Amino acid sequence: MRTTAFHLVTRKETPQDAEIVSHQLMIRAGLIRKLGAGLYTWSPLGMRVLQKVENIIREEMNAAGALEMLMPAVQPKELWEETGRIADFGGQLLAIQDRAERDYFFGPTHEEVITDFVRNEINSYKQLPINFYQIQTKFRDEIRPRFGVMRSREFIMKDAYSFHLDTESLEQTYQVMKQAYSNIIKRIGLDFRCVLADSGAIGGSGSQEFHVIADSGEDAIMYSDQGEYAANLEKCEAVSLIDNRNTAEQDVKKVHTPEVKTIEAVSDFLKVESTQTIKTLLVAGVDGPVALVVRGDHNLNEVKANNLACVASPLRMLNDDEIKQVAGCDAGSIGVKDLNCHIVVDRTVANMNDFVCGANETDYHLTGMNWDRDAVYQAVEDIRDAQVGDPSPDGVGVLKVARGIEVGHIFQLGSKYSKAMNAVVLNEQGKSQAMEMGCYGMGVTRMVAAAIEQNHDDKGIIWPANIAPFGVAILPMNYQKSERVKRAADDLYEALQAQGIEVILDDRKVRPGFMMSDFELLGVPHQVIIGDRSLDENNIEYRSRINMASEKISRDTIESFLMEKIQA
RNA sequence: CGGGGUAUAGCGCAGCCUGGUAGCGCAACUGCUUUGGGAGCAGUGGGUCGGGAGUUCGAAUCUCUCUACCCCGACCA
């Protein structure tokens, strides 16, 4: 490709509304342009990268035995009524109507559509297992789209759905998909981790996420410093930090604590560690209010809380009036003594003794509190965020934290959708049986942003070789005037093209500094600079985008030198 | 959805308070010079000042209203 025959529009200045580096660089390099909130046009340059990512995904999915297909982006509302997921997805669903005012959703995911397809196509266990996938545009009406294509409303996703006679078969395919996902991200060239995850609105029994490690990631990944354990903070099991409950030593004392509301203020005022205090949080329950109790220095994990059967979903904290009704005090003084509601305590809290809590009387706290003697709870659950330094749940090492960008998520759905939509097969005994189902998503557009997030410097993008829009850039100095430079550049260009290398020759009439800055921004991995200066010595200059180190290579060997670099 | 903010040329901004026929930098176009690190000089094109309504002799500027976009929060595969 010659630049004069291509579309390159770069910007020197960082766009005002781009927060994270991948968004800034994608705009500056001209990979994407914004149309509206969370809506982006992919330029020909961006498209080249996107297609590289797509093709790697496609190859690995095919290799894993999945079958590519294409489903409609627009889905009838009735399908969603069958599974009752309209409420789960809520405002994220983009509802549309046709001229006859029939209701549709622009598909945010395709479990309903594939299950409908499969219930009509698959009738026998002999057709199982089977795994379908597509690469397609989705729409989710995010409350706050941001970070460019990292969290956009319209985006491209690879989604796969597998169907099985039994859970053993599902587990088998799930492992195959997990391996395929690892292969994909490795081939793209990114540093990632596979972690345990909450399955959210998609549902099902087990799920794992694939995270590209980057400081700008929106998720916190907890992992063992010595073992294999890794989980999204949302899901990460938090163990009890106290092995056995000690016996009570103190008596309960009521202390006047005026204007002392936060845990920090309470521990300062009473001169106790925050680890000796507890926080009582009141939330709406399925059957009356529920108190969730965590240690003073711990955070309530809202995903875990939301998943409790007794807690109303979505999770909602009681407001000040409701708190007054239940506890008889302001929010800063809630405690567990004589609290008339369902009380769920965190594992650590269950083993505490002589602790401090609110007195259910505004501006008063209780010290020397002990379970059974002074208060009782109805259940012990894991409801807090795991913290750095906690023992790893698998017993190996302690937890550390990293930021991650979720690029993939795989689920063992079980029969949630097949039962709701009556997707059944006849088994070997001739009996009707709901299929087991798995689903596997990967964000294609997000992967491009994640790649940049992990591979850039102050000059621009540094593409991993397998997804670079071009393999080699030829940058001739004074191409317009120097016949010798022009000939050398054209010759190399044609030679590399004949070898099937994706090469871009900058034949624009621009000054050298401009040209070099542009290609540093664009991040082409291998760059050759051809000028009279080096041609005098029969040399051509090579630069790797990774470290920008330059080498002088003889004209006679430049072609084989580049072939070697590209194949490395 | 709550709070805050912005909207003037492709991009980044000034002008608005105090109403008087729209400007700067970058980008683009032309010419000359320059050609190994985002050139210099001279010139050129491009804007219903987000939309609508109102006040006024006159509105980018004042008032009302609608819309879009951005940030924080809640929410979120």
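Fair warning: this is a prediction, and the values are worked out from it, not measured in the lab. All chains are named by letter (A, B, ...) in the order of the sequence lines, taking the proteins before the strands, and each is independently numbered beginning at 1.
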### Task
Once you apply the 3.5 Å cut-off to both distances, tell me the Watson-Crick or G-U wobble partner of G31(B), or none.
C41(B)
### Task
Considering only atom P, compute the distance from U63(B) to A7(B) and round it to an integer number of Å.
15 Å
### Message
Could you check whether the side chain of Asn478(A) and the base of G36(B) have a donor-acceptor pair of N or O atoms closer than 3.5 Å, going by distance alone?
### Response
no
### Query
Regarding Ser152(A) and Glu154(A), is there a side-chain donor-to-acceptor distance under 3.5 Å anywhere?
no
### Task
Taking atom C1' in both U65(B) and G47(B), compute the distance separating them and give it to the nearest angstrom.
24 Å
### Query
Which whole number of Å gives the distance between the P atom of G50(B) and that of C13(B)?
15 Å
#### Entry: Pair His526(A)-Tyr542(A), side chain to side chain donor-acceptor pair (under 3.5 Å): steps then yes or no
CA-CA 7 Å; His526(A) 306 287; Tyr542(A) 166 82; 2.7 Å; yes
### Query
Is there side-chain contact between Val21(A) and Ile452(A), with at least one heavy-atom pair below 4.5 Å?
no
#### Entry: Complementary nucleotide for G47(B) - Watson-Crick or wobble, under 3.5 Å
none
#### Entry: Residue closer to the 5' end of RNA chain B, Gly441(A) versus Thr10(A) (nearest nucleotide)
Thr10(A)
### Task
Would you give a per-nucleotide map of nucleotides 69-74 of chain B, 5' to 3', where B means the base has a protein non-hydrogen atom under 4.0 Å away, S means only the sugar-phosphate does, and - means neither?
SSSBBB
### Query
Are the aromatic rings of Phe6(A) and Phe470(A) close, with centres under 6.0 Å apart?
yes
### Query
Which of parallel (below 30°), tilted (30 to 60°) and perpendicular (above 60°) describes Tyr181(A) and Phe210(A)?
tilted
#### Entry: Check against side chain to side chain donor-acceptor pair (under 3.5 Å), Tyr174(A) and Gln208(A)
CA-CA 10 Å; Tyr174(A) 182 85; Gln208(A) 285 167 293; 2.9 Å; yes
#### Entry: Side chains of Tyr479(A) and Asp490(A), donor plus acceptor under 3.5 Å
yes
### Message
Please report the distance separating the C1' of G10(B) from the corresponding atom of C71(B), rounded so that it comes out in whole Å.
### Response
24 Å
### Message
Suppose you measure atom P in G25(B) against the same atom in A42(B); what distance do you get, rounded to whole Å?
### Response
11 Å
### Message
When both hydrogen-bonding distances must be under 3.5 Å and the geometry is Watson-Crick or G-U wobble, what is U56(B) paired with, if anything?
### Response
none
### Query
Taking the P atom of each, how far is C29(B) from U56(B), in whole Å?
48 Å
### Query
With both distances under 3.5 angstrom, what nucleotide forms a Watson-Crick or G-U wobble pair with G25(B)?
C11(B)
### Query
Do you know which two heavy atoms are closest between Ala291(A) and Thr280(A), and how far apart they sit?
CB-CG2, 4.0 Å
Can you list, pair by pair, the side-chain donor-acceptor contacts under 3.5 Å of residues 438-451 of chain A, counting residues two or more places apart and other chains?
unit_1	atom_1	unit_2	atom_2	d
Tyr440(A)	OH	Ser162(A)	OG	2.7
Thr445(A)	OG1	Ile156(A)	N	3.2
Arg446(A)	NE	Met150(A)	O	2.9
Arg446(A)	NH1	Glu406(A)	O	2.7
Arg446(A)	NH2	Met150(A)	O	3.2

### Base paired to C1(B) (Watson-Crick or G-U; both N/O distances under 3.5 angstrom)
G73(B)
Tabulate protein N/O versus nucleotide N/O from nucleotides 5-10 of chain B, keeping only pairs under 3.5 Å, one per line.
none

#### Entry: C1' atoms of G3(B) and G15(B), separation to the nearest Å
30 Å
### Message
Could you tell me how far G4(B) sits from G12(B) if I compare only their C1' atoms? Round to whole Å.
### Response
23 Å
